[in-house]
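From a predicted model like this one, the values you see are computed outputs, not experimental measurements. Labels below follow one simple rule: chain letters A, B, ... track the order of the sequence lines, proteins then strands, and each chain is numbered from 1.
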2 protein chains.
Amino acid sequence: MEGKSVAGRIHEAIHRLTAAEKRAARGLLGSYPTLGLAPVAEFAQQAGASSATVLRFVSQLGYKSYPDFQRALREELEERSKSPLQRSHSAAAQERGDSNFLDRFVTQEVDNLRSSAALIPASEFEAVCARLAENKGSCYLAGGRFTDFLAGYMEAHLRLIRQGVRRLDGRPATRADQLIDVRAGDLAIIFDVRRYDASLLDVATELTARRAQIVLITDEWMSPVARFAKLVLPCRTEMGRTWDANGSLFTLVEAVIARTTELSWPTASKRMGSIEGK
Amino acid sequence: MEGKSVAGRIHEAIHRLTAAEKRAARGLLGSYPTLGLAPVAEFAQQAGASSATVLRFVSQLGYKSYPDFQRALREELEERSKSPLQRSHSAAAQERGDSNFLDRFVTQEVDNLRSSAALIPASEFEAVCARLAENKGSCYLAGGRFTDFLAGYMEAHLRLIRQGVRRLDGRPATRADQLIDVRAGDLAIIFDVRRYDASLLDVATELTARRAQIVLITDEWMSPVARFAKLVLPCRTEMGRTWDANGSLFTLVEAVIARTTELSWPTASKRMGSIEGK
DNA sequence: CTAAGTATGAAACTACTGATACAGAAGTTA
DNA sequence: TAACTTCTGTATCAGTAGTTTCATACTTAG
């Protein structure tokens with residue numbers, strides 16, 4: 001429906017409301033927006049009115065049905081939790097104006113890191129590292145326009161730890177060649193953040209056809225590659241409204257490398273020794 | 001039935017979930033808790049699974065019905081909005097002391113980021129960005145074994161903002177060729193962390209001879225290139241005793257890019273438009 | 001004080017949501 | 001490869017939530 005917030009509509013319409021309807025409004029504002037997400041009967045009881053009154057109240061706000069009203073509440077909630085994260089410190093710092101650009105940037109990045117750590121199930125993270133440490137089969141890496149450098153960075157480190165690390169480079173033509181050798185059970189790590197790269201989806205399709213297992217490292221909006229992925233590690237990337245930052249992906253990569261090194265230390269240490277030697 | 005947060009249950013149960021159920025889990029974590037407050041059909045569609053799978057998923061979490069699950073979500077939401085700051089995941093995890101590898105890693109990285117921001121004088125940071133935003137002369141980038149990917153990442157972004165961005169690739173032989181065109185007043189951004197790269201020192205020497213201005217991005221132990229640098233941005237990289245992490249460098253790079261974009265918006269926006277167009 | 005109009009909740013209705021059963025797909029093992 | 005297990009989506013059903021109706025209580029005006 002229109003671009004007005006639900007709370008805004010209540011304040012606008014509250015004068016038109018009847019006594020019982022006002023109780024409903026008060027109740028909703030009192031525990032906003034949770035009460036509105038409950039079934040009508042519960043809303044009614046909590047607000048001290050009947051179901052019918054609540055329905056009339058919702059109708060007065062301009063929603064054509066109760067589900068419609070709930071949808072608006074959910075969208076509002078979603079909006080709020082996605083955009084300018086944590087008004088607490090970053091906003092406070094901006095108000096004081098005593099912090100410079102770098103401080104503000106770092107503060108936001110810290111939020112992203114924390115959220116990312118919370119977003120990623122420990123078991124998924126461990127599964128990825130364990131799989132890498134197994135040191136079986138090949139491990140392919142691919143990324144999009146900017147994330148390709150993350151793939152490169154990860155590749156450079158993985159090469160020290162295990163064998164069979166291959167990079168899928170950006171040009172679709174050569175990619176096809178590189179995919180020929182993919183065997184069932186091989187591992188593929190794909191980086192994809194929005195705007196998502198169509199060619200990566202193709203690569204993922206092909207990899208799946210060849211029965212490779214895909215690990216996807218993506219942002220909170222979840223690349224379409226997720227459909228094909230056995231394991232997904234989603235990171236928070238949003239900064240303010242104009243900018244997405246990949247710092248959380250980078251840190252995740254380093255964490256994976258660190259953990260994998262730890263897990264495969266006996267093997268990896270020999271390997272690293274021989275590489276360093278030359 | 002009570003006492004556990006829904007997100008907590010997901011992390012607990014995720015290992016015994018099937019592939020499609022995991023999609024549901026990820027979907028919910030991705031837009032938490034809103035998606036769970038929607039009707040099953042919508043949840044299912046958004047998560048890329050069927051209604052039945054979503055039902056099985058919530059059943060796996062230990063809820064005896066979908067409405068029951070939604071009630072839990074609402075109560076959690078209510079709880080969170082009442083307490084001042086959300087202490088939901090990170091705080092609780094730290095209290096329990098059961099934090100996993102990723103959490104610990106992220107915590108250390110956060111320390112590094114904060115220290116880095118403190119270590120870098122605002123004036124130096126601003127000077128670098130301003131110099132980049134001037135958009136005069138050429139800008140060369142070079143890095144060492146691993147940091148070369150940071151140089152590449154920065155190059156890819158800088159190209160969108162300004163003209164004359166060049167990358168000095170890793171092979172000493174070709175580097176010499178690329179340095180021929182360097183002119184007085186050109187800018188060079190060098191990444192160097194320990195163990196410091198001897199060839200970068202050579203490059204820096206040559207650049208200085210040609211009167212280019214060097215910006216050095218390095219770690220807390222300070223690359224020897226610092227001798228030749230006009231501006232130095234040192235970052236904290238130390239993690240525990242065995243491992244150095246470059247995440248702080250990466251975030252610094254992104255901060256520089258963001259700030260430079262901001263400073264040169266009138267010029268940069270046109271440029272970006274024309275690049276996106278093709 | 002009475003009558004017209006409005007507000008309200010109880011109860012009936014219907015539509016849609018959540019639950020279930022089943023069949024086919026996918027994956028696993030021998 | 002074939003048999004078997006497990007997973008997953010479709011189709012169906014049952015129950016509940018949202019909606020509507022209507023009789024009653026309350027206001028307000030005449």
*Kindly write out the residues that satisfy ring pair (Phe, Tyr, Trp, His ring centres under 6.0 Å) with A:Phe57, not counting sequence neighbours, or none if the list is empty.*
none
*Between atom OH in B:Tyr63 and atom C1' in C:dA19, what is the gap in whole Å?*
19 Å
*Return the set of residues passing side-chain contact (heavy atoms from CB on, under 4.5 Å) with B:Ala19 (not counting sequence neighbours), or none when no residue passes.*
none
*Residue pair B:Tyr66 / B:Val54, side-chain heavy-atom distance below 4.5 Å*: yes
*How would you list, by chain and number, every residue that makes a side-chain contact (heavy atoms from CB on, under 4.5 Å) with A:Arg211, sequence neighbours excluded?*
A:Ala184
*Using a cut-off of strictly less than 4.0 Å between a heavy atom of the residue and any atom of DNA chain D, enumerate the qualifying residues of residues 126-134 of chain A by number.*
none
*asked:* Between B:Asn100 and B:Asp103, is there a side-chain heavy-atom distance shorter than 4.5 Å?
replied: yes
*Who are the salt bridge (charged side-chain N to carboxylate O under 4.0 Å, His left out) partners of A:Arg167, not counting sequence neighbours?*
A:Asp148, A:Glu155
Polar-atom pairs under 3.5 Å, protein N or O versus N or O of nucleotides 12-15 of chain C: list them with distances, or write none.
none

*Partner set under side-chain contact (heavy atoms from CB on, under 4.5 Å) for A:Arg131, not counting sequence neighbours*: A:Glu134, A:Leu187, A:Gln213
*Test ring pair (Phe, Tyr, Trp, His ring centres under 6.0 Å) on B:Phe250 and B:Tyr153 and set out the steps.*
CA-CA 9 Å; B:Phe250 189 91; B:Tyr153 185 82; 4.7 Å; yes
*Taking the side chain as C-beta and beyond, is there a heavy-atom pair between A:Leu28 and A:Phe69 under 4.5 Å?*
yes
*Nearest atoms (heavy-atom pairs only) where A:Leu231 meets B:Arg26*: CA-NH2, 4.0 Å
*asked:* Just to verify, what does A:Arg210 make a side chain to side chain donor-acceptor pair (under 3.5 Å) with, not counting sequence neighbours?
replied: A:Glu206
*asked:* Please report the interatomic distance CG(A:Leu252) to SG(A:Cys235), rounded to the nearest 0.5 Å.
replied: 4.5 Å
*asked:* I'd like to check the side-chain contact (heavy atoms from CB on, under 4.5 Å) partners of A:Ala13; sequence neighbours left out, ordered by chain and number.
replied: A:Leu61
*Encode nucleotides 24-30 of chain C as B, S and - characters from 5' to 3', where the letter depends on protein heavy atoms closer than 4.0 Å: B to the base, S only to sugar-phosphate, - to neither.*
-------
_Can you give me the bend angle of the helix from C:dC1-D:dG30 to C:dA30-D:dT1? Use the axis through the first five pairs and the one through the last five, nearest 10 degrees._
30°
*asked:* Would B:Arg9 and B:Tyr63 count as a cation-pi pair here, with the cationic atom under 6.0 angstrom from the ring centre and within 45° of the axis?
replied: yes
*asked:* Each nucleotide in nucleotides 2-28 of chain D should get exactly one letter: B, S or -. Can you fill that in based on protein heavy atoms under 4.0 Å?
replied: -----SBBB-------SB---------
*Let me know the distance between NZ of A:Lys22 and C1' of C:dA7, rounded to the nearest Å.*
13 Å
*Under a 4.5 Å cut-off applied to non-hydrogen side-chain atoms, are A:Leu113 and B:Leu113 in contact?*
yes
